[in-house]
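A short worksheet on the structure shown next.
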Amino acid sequence: MSGAGVISFELVDGPIEAGQGRVAASVDALGEANEVGAVLEFCGVVRRSERGRALVALDYEAYPPMTQNEGVRIAQDILEETGVRAIEVLHSVGRVPVGACSFLLRVQSAHRAEGLRAASAYIERMKQEVPLWKLPVWAGDA
Amino acid sequence: MSGAGVISFELVDGPIEAGQGRVAASVDALGEANEVGAVLEFCGVVRRSERGRALVALDYEAYPPMTQNEGVRIAQDILEETGVRAIEVLHSVGRVPVGACSFLLRVQSAHRAEGLRAASAYIERMKQEVPLWKLPVWAGDA
Amino acid sequence: MADPHAVMFEVRLFGPQAQLAGRRVLELDGPAGGAVTAGQLLERIAEACPALAASAPASRVAVDHRVLAPEDVVDPAAEVALIGLISGG
Amino acid sequence: MADPHAVMFEVRLFGPQAQLAGRRVLELDGPAGGAVTAGQLLERIAEACPALAASAPASRVAVDHRVLAPEDVVDPAAEVALIGLISGG
C-alpha cells in the first residue's frame, strides 16, 4: 500500500478552471490493488467580502519552491495516514476575482470515509503550513 | 438563513458524466447573504470487484418518486442542520460500468467545514434511507 | 376455497429481493377481516416467500411511497412496497 | 561606523508582511561575530521594523526553503525568509 500513491501540487496563474489537472489516468496506472471508488473534489471560491468589506479579487502570493515542497510533504503524510490513492492540489497565484476558484483539492480513494478524512486534514494543514498569502483587492481600490 | 437553499435530487440513466447538473447559477441567485466560498463534489465510482469477485458493471434500481422524495427530504434536513447553501445529487439508474460514476453529490457552502460535514452526513443517510438498490453484473455473466 | 372476505396484498419488490424471489410483485392473503400492521406484513412475507425469510425482518414497508412504522396499519388498497436493504451510492 | 565584523541578514518578506513593511527584503545587522537563532532573528525583525512588531512573534523563519526551529542557528549566507501567518486556500 505505502508508496503506491499519486501526489501533485501545482501553482496556477490566476483562477483555476473546472476540470483542470485531472489525474484519473495516472491513478488507473496504479492497478487493481489500488482501485478508486470515491473521487472528492474541493474547490475554494473567493467570497465577495472580507470582514464586511466588499472585495473585487484576492492577490495570492507563493514562495516557490518552498510552497510546492510543503504542499507535497503534507500530501505524503496524509496519503500514508489515510491510505487514499491520490492527492492532487492546484493553488492560484496572482489575481483571482470574486466568485472564481483559487484552490482545488482532488482526493481519490477506495472508499468515501478516508477520502473525506484526507480532504479535511489536508486543508487544515495546508492553511497552517504551506507558504501562501493573500492580499485583498477592495472594491473602489482596484 | 433557513429556506434560502438550493436542493435537487435527480435520477440519471446510466453513468454520470463530469460536469453534469451544475447549479452554480441558481446558487448565485441566492444573493450576497448566501454567498459560496466552498464547493465540494463527491463522486462514487463503480469498483472492479465486490467481495473478491470481478465485476463488469452494476445495475441500479430506484423506486420513483419515493427515491427522489427521500433524497430531497434528507437534503432539506442536512441543509437546515449545517447551514450549507446547496445540496445537489445525481444518482444513476440502470447499468453503470466499472470505473464510471454512479453517484454525484455537490455541496456549496460559505466555508469548508460545514460543506465537508454535510457531504459526510448526506452520504451516510442516503445509504440508509433512500430507496436505491444495486445488482452486480459479474465478469463472465454479462 | 379462498375466504371471500380475506384481503389480498400486492407487495412490490426491488433489487436483490426481486431477484431472490424471482418476481417483482408478491401476492399475499391477509387475515380474514382483520387489519395488518407493517410489522405483521413483514412476518407474512417471510413465511410466504422463503427466499425473503432472511432479509424481510430487516426490511421496511412503504405505503404510497412513505415508510410505515412497524405498528402502522397497511392499507391493502394502497401501493405497498418492500424496502429491503438499500445499497445506493 | 558599522562594525566590520557584524553579519548582515537579508530577510525576504511576503504577502501582508511585505505590504506592511513596504518592502520585499528586510536588511538587518546581526550581532558582531555571534550566531543568531531563528527565535532571536524574529525578535530582531520586530525591533528593526515596527510594522512587523505585531506579526513577527507568530511567524517562522525559513532558511533555504525549510522552516527552522526557534533554537536553530540561521546561516546568513543562505536564503532567509520570514514566513508570516499563512492565508492560502
Side-chain angles (χ1 to χ4, degrees), chain B residues 9-12 15-16 41-47 50-51 55 58-75 89-96 100-106 119-138 141, chain C residues 9-28 36-39 41-42 44-46 49-89:
Chain B
F9 187 102
E10 206 182 316
L11 296 173
V12 173
I16 295 161
E41 275 189 28
F42 177 90
C43 178
V45 174
V46 176
R47 284 188 290 269
E50 206 169 285
R51 281 161 281 151
L55 278 177
L58 289 173
D59 280 339
Y60 285 94
E61 191 180 357
Y63 179 30
M66 186 179 176
T67 304
Q68 293 96 321
N69 294 348
E70 295 294 298
V72 165
R73 184 178 58 79
I74 292 174
V89 183
L90 301 176
H91 200 293
S92 295
V93 288
R95 187 155 296 189
V96 181
C101 174
S102 62
F103 164 53
L104 180 72
L105 169 67
R106 187 179 298 118
S120 182
Y122 190 89
I123 301 170
E124 201 65 47
R125 286 192 58 184
M126 184 186 79
K127 286 179 175 271
Q128 301 289 327
E129 299 174 42
V130 179
L132 284 161
W133 298 272
K134 61 187 174 204
L135 288 171
V137 183
W138 304 115
D141 292 358
Chain C
F9 290 90
E10 286 190 1
V11 181
R12 299 187 59 169
L13 306 177
F14 301 93
Q17 289 180 321
Q19 196 176 49
L20 282 166
R23 62 187 64 199
R24 302 214 138 256
V25 176
L26 195 63
E27 299 192 342
L28 296 172
V36 174
T37 66
L41 188 65
L42 292 175
R44 288 281 298 122
I45 291 167
C49 185
L52 301 181
S55 64
S59 300
R60 292 170 295 164
V61 172
V63 166
D64 287 343
H65 296 264
R66 288 173 169 275
V67 170
L68 296 192
E71 66 277 14
D72 290 341
V73 171
V74 181
D75 175 2
E79 183 173 314
V80 181
L82 183 65
I83 308 296
L85 193 65
I86 283 165
S87 55

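In what follows, every chain begins at residue 1, and chains take the letters A, B, ... in the order their sequences are listed.
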Ring geometry between C/Phe14 and B/Tyr63 (parallel below 30°, tilted from 30 to 60°, perpendicular above 60°): tilted

Does the side-chain contact (heavy atoms from CB on, under 4.5 Å) test come out yes or no for B/Leu132 and B/Phe103, once each step is laid out? CA-CA 11 Å; B/Leu132 284 161; B/Phe103 164 53; over 6 Å; no

Donor-acceptor contact present, side-chain B/Lys127 to main-chain C/Gly88, <3.5 Å: yes

Please look at B/Ile123 and chain C and tell me whether the side chain, the backbone, both or neither of the residue comes under 4.5 angstrom of a heavy atom of that chain. neither

Per-residue tally against chain B (heavy atom, under 4.5 Å) across C/Gln17, C/Arg66, C/Gln19 peaks at C/Gln19

So what's closer than 4.5 Å to chain C heavy atoms on B/Pro136: side chain, backbone, both or neither? neither

Is there a side-chain contact between C/Val63 and C/Asp72, using heavy atoms and a 4.5 Å cut-off? no

Tell me which of these, B/Pro65, B/Gly44, B/Pro64, has more heavy-atom pairs under 4.5 Å with chain C than the rest. B/Pro65

